[in-house]
Number of protein chains: 2
Amino acid sequence: MDRLDKKILRLLQADTTLAVADVAKRVGLSTTPCWRRIQKLEEEGVIKRRVAILDPDKVNTRVTVFVSIRTNSHSTEWLRRFSEVVTTFPEVLEFYRMSGEVDYLLRVVVPDIAAYDAFYKRLIEKIEIRDVSSAFAMERIKSTTELPLDYMVFDKETRES
Amino acid sequence: MDRLDKKILRLLQADTTLAVADVAKRVGLSTTPCWRRIQKLEEEGVIKRRVAILDPDKVNTRVTVFVSIRTNSHSTEWLRRFSEVVTTFPEVLEFYRMSGEVDYLLRVVVPDIAAYDAFYKRLIEKIEIRDVSSAFAMERIKSTTELPLDYMVFDKETRES
DNA sequence: GATGAAAGGTCTCGACC
DNA sequence: GGTCGAGACCTTTCATC
């Protein structure tokens, strides 16, 4: 990967509807080599997928809640089930195991506080959790899927997955 | 919007490389009306954009950090500047104003802890903040851009933005 | 909403410099 | 890396039912 790949990624992270010829023009390549690079970026898994981003308001998921979870020390089996249960809820967009105070952190989207309450009940019904604390977002100031590309490393060799 | 639109959105949220004819087949429509629906979903802003999702590992942003910020009561001008400064950092993927204990919550991605430290220094250099606390993610268990569509409302009228 | 078709554009890839 | 070219495939419209 080099600066050209980086430019290509920057464009495609913002908009995949661009035609290959347009991408090529903007990064200063001709179509075929640009197409080959995009192809390669996909094969290598640098580009994982191309998706449509929806407006949360329009699909009635206005409210974002961050859920901090503390667990007791549990069996591997419990942990497996816990991960599975949480992951299965479509309201859970992000789910991380954390270091420090909190053991797990979720980002959940729902229409309103009542719906969050219902979600919460459905969750603790399926799996027992020691301590849950919820923090509501009042305002979404920034939200993007574009990763910063300034940390990319250009080695001579293709890096493995 | 109706069940068919919902099906279309479900497909496009997962993969926009699908040809219209394929989407049509899967939702049980023929190409033309399906194309018209997609067009409409875009005009109405339900579909906001189509983007490429990159692999964080491959672009050297392996580490996710949640940053909780407490501020003092500040002037409108300070708040404006604060929002602007934070938003400008490409490492900040999400930025919410919160209710409760914490005033603001950021999701930041960087290559490693050292890079986080550097990011942190650059941040507090640009704007004075009362209290910052950082929580590191050890494992990303789930991360998706697919909003749950089960809360969609199908009214007779087109809902306004 | 379905069909069928036509025009134009884009993708994909092979050949060659 | 660049150019050319050809065929397959898609998108986009339109007319008709």
Side-chain angles (χ1 to χ4, degrees), chain A residues 1-55 58-59 145-146 149-150 152-161, chain B residues 1-55 58-60 145-146 149 152-159:
Chain A
M1 292 202 286
D2 60 12
R3 280 112 246 267
L4 288 173
D5 287 318
K6 184 169 158 184
K7 280 188 174 179
I8 292 171
L9 292 174
R10 205 184 294 292
L11 288 170
L12 295 183
Q13 271 203 117
D15 183 8
T16 17
T17 64
L18 280 172
V20 179
D22 287 335
V23 176
K25 210 170 299 168
R26 300 203 198 185
V27 304
L29 271 176
S30 53
T31 312
T32 307
C34 182
W35 178 79
R36 274 196 280 255
R37 276 167 182 268
I38 294 172
Q39 215 60 16
K40 192 149 163 270
L41 290 166
E42 264 161 2
E43 276 162 28
E44 286 172 351
V46 181
I47 297 173
K48 285 205 301 186
R49 51 216 317 232
R50 293 159 190 255
V51 304
I53 302 295
L54 309 188
D55 184 330
K58 301 277 169 64
V59 297
T145 56
E146 295 179 40
L149 299 181
D150 306 317
M152 279 175 70
V153 190
F154 306 136
D155 10 26
K156 319 94 217 1
E157 295 302 302
T158 310
R159 56 179 14 213
E160 83 257 89
S161 105
Chain B
M1 292 204 283
D2 60 12
R3 279 113 249 265
L4 287 174
D5 288 317
K6 184 169 158 183
K7 280 186 173 180
I8 292 171
L9 292 174
R10 204 184 293 292
L11 289 170
L12 296 183
Q13 270 203 119
D15 182 9
T16 18
T17 64
L18 280 171
V20 178
D22 286 335
V23 176
K25 209 170 298 167
R26 299 204 199 185
V27 305
L29 272 175
S30 53
T31 311
T32 308
C34 181
W35 180 82
R36 271 197 284 259
R37 277 168 182 268
I38 294 172
Q39 215 60 18
K40 193 151 161 267
L41 290 166
E42 263 162 3
E43 277 162 27
E44 286 172 350
V46 182
I47 296 173
K48 285 207 299 189
R49 53 215 317 229
R50 292 158 190 255
V51 304
I53 303 295
L54 309 188
D55 184 330
K58 302 276 168 63
V59 297
N60 199 22
T145 56
E146 295 180 40
L149 300 181
M152 280 175 71
V153 190
F154 305 137
D155 12 26
K156 318 95 218 359
E157 295 304 302
T158 309
R159 54 177 16 209

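The figures that follow rest on heavy atoms only: side chains count, while hydrogens, waters and symmetry mates do not. Chain identifiers are assigned alphabetically (A, B, ...) following the order of the sequence lines, protein sequences preceding nucleic acid strands; residue numbering begins at 1 within each chain.
- At least one side-chain heavy atom of B:Gln13 sits under 4.5 Å from a side-chain heavy atom of B:Leu149.
- The two residues A:Cys34 and A:Ile8 come nearest to each other via the heavy atoms SG-CD1, 4.1 Å.
- Proximity of a side-chain donor or acceptor of A:Lys7 to a complementary backbone N or O of A:Gly28 within less than 3.5 Å is not detected.
- Between the B:Thr31 side chain and the B:Ala21 main chain, no donor and acceptor come within less than 3.5 Å of each other.
- Position along DNA chain C of the nearest nucleotide to A:Arg36 versus A:Ala19 favours A:Ala19 as the more 5'-ward residue.
- A:Ser30 has a side-chain polar atom (N or O) that falls below the 4.0 Å cut-off from OP1 or OP2 of D:dT3.
- One interatomic measurement links the two molecules: NZ of B:Lys25 to P of D:dC10, which rounds to 9 Å at whole-angstrom precision.
- Look at A:Trp35 and you'll find a side-chain N or O under 4.0 angstrom from OP1 or OP2 of C:dT12.
- Here the side chains of A:Val27 and A:Arg37 are not in contact, with every heavy-atom distance at 4.5 Å or above.
- Atom P of nucleotide C:dG1 and atom CZ of B:Arg37 are separated by 4 Å, given to the nearest angstrom.
- Rounded to a whole Å, the NZ atom of B:Lys7 is 15 Å from the C1' atom of C:dG1.
- The base of C:dC11 does not come close enough to the side chain of A:Thr31 for any donor and acceptor atom to sit less than 3.5 Å apart.
- Summarising the geometry, the separation between CD on B:Gln39 and P on D:dT11 is reported as 11 Å, rounded to the nearest angstrom.
- The CG atom of A:Leu18 sits 11 Å away from the P atom of C:dT10 (whole-angstrom rounding).
- What separates NZ of A:Lys40 from P of C:dC13 is a distance of 16 Å, to the nearest Å.
- The CG-C1' distance, from B:Leu29 to C:dG4, rounds to 17 Å in whole Å.
- Nucleotide C:dG1 holds its P atom 14 Å from the CZ atom of B:Arg3, rounded to whole Å.
- The nucleotide whose nearest atom lies closest to any side-chain atom of B:Pro33 is, among C:dG4, C:dG1, C:dC11, C:dG1.
- Here the nucleotide nearest the side chain of B:Thr32, chosen from D:dG1, C:dG1, C:dT3, is C:dT3.
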